Each structure stands twice: as structure tokens, then as C-alpha cells.
*Asks:* 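Below you will find the structure I want to go over with you.
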Amino acid sequence: SIEGAFDCVVSDPPYGVRAGARCAGKDGAVKPVPDELRREHVPATKPYATADVLCDLLEIAARCLKRGGRLAYLLPATNDLTPEDVPRHPALT
């Protein structure tokens with residue numbers, strides 16, 4: 001288990017500002033991939049909203065960091081970003 005294993009997590013998340021971030025998965029029903037096709041299978045992807053990227057990053061960091069650990073990540077540069085816009089997680093205070 002990697003829970004509480006790291007002193008620091010550093011990330012440059014795929015916000016998709018230019019190319020559009022995507023994550024594994026698809027909307028609707030998912031069919032199992034037969035064993036004989038798994039080696040060559042490329043999973044479907046779907047759009048990955050910036051809010052979801054940040055939510056997932058904070059959730060993973062909260063689980064993986066040691067108590068008192070640090071999370072460092074890049075945010076897209078905008079002129080109107082305020083401290084209130086920076087996402088928070090209750091376990092990362």
C-alpha cells in the first residue's frame with residue numbers, strides 16, 4: 001500500500017488548456033475486454049474537466065502523503081486567479 005508513504009507529491013496535471021485533457025473511461029455501458037484481446041487493447045478515453053483533475057489530484061495526495069507531507073502542483077496562469085480559487089482538501093491543511 002502507498003497510503004502515507006510519501007513526504008512530497010509534485011505534479012504538473014494535464015489541464016488540457018491547449019490540447020484537452022482526457023482520462024480513461026467512457027460514458028455509457030462498458031463491455032469487458034476478452035482475455036485474448038487485452039494485450040493489444042487501448043482503453044477508450046473521455047474529456048477530463050479541470051475541476052475533476054484537481055479533485056483527483058488532491059484526493060490521491062491526501063491518501064499518499066505522510067502526515068505533514070507537502071503537495072506541489074502547477075496551476076494554469078490566469079490574471080483573475082484568487083486564493084479562494086485554489087482547491088482545498090480537508091486532509092491537506
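In this text the structure is predicted, and so the values were computed from the model without any measurement. Both backbone and side-chain heavy atoms feed into the values below; hydrogens, waters and symmetry mates do not.
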*Asks:* Do the side chain of R70 and the main chain of D7 share a donor and acceptor less than 3.5 angstrom apart?
*Replies:* no

*Asks:* Please report the closest heavy-atom contact between H89 and A62, naming both atoms and the distance.
*Replies:*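 Closest approach of H89 to A62: CE1-CB, 3.4 Å.
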
*Asks:* Indicate if V86 and L58 have the same hydrophobic cluster label, given that clusters are the connected sets of ILVMFWY residues with side-chain heavy-atom separations under 4.5 angstrom.
*Replies:*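 V86 and L58: one cluster.
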
*Asks:* For residues P87 and L54, report the shortest heavy-atom separation together with the two atoms involved.
*Replies:* CG-CD1, 3.6 Å

*Asks:* For residues V53 and P13, report the shortest heavy-atom separation together with the two atoms involved.
*Replies:* CG1-CB, 3.5 Å

*Asks:* Would you give the length of the straight line joining atom CG of D35 to atom CZ of R38, rounded to the nearest 0.5 angstrom?
*Replies:*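 Result: 5.0 Å between the selected atoms.
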
*Asks:* Between atom CG of L65 and atom CD1 of I60, what is the distance when rounded to the nearest 0.5 Å?
*Replies:*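 Reported value, rounded in 0.5 Å steps: 11.0 Å.
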
*Asks:* Tell me if the CD atom of E36 is crowded by more than 12 foreign heavy atoms within 6.0 Å.
*Replies:* yes

*Asks:* To the nearest 0.5 Å, what is the distance between OG (S1) and CZ (R63)?
*Replies:*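 Reported value, rounded in 0.5 Å steps: 9.5 Å.
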
*Asks:* Is it true that L92 and V10 fall in one hydrophobic cluster, defined by side-chain heavy atoms closer than 4.5 Å?
*Replies:* no

*Asks:* Does a side-chain heavy-atom distance below 4.5 Å link Y73 with V9?
*Replies:* no

*Asks:* What is the minimum heavy-atom distance between L57 and L71, and which atoms define it?
*Replies:* CD1-CD1, 4.3 Å

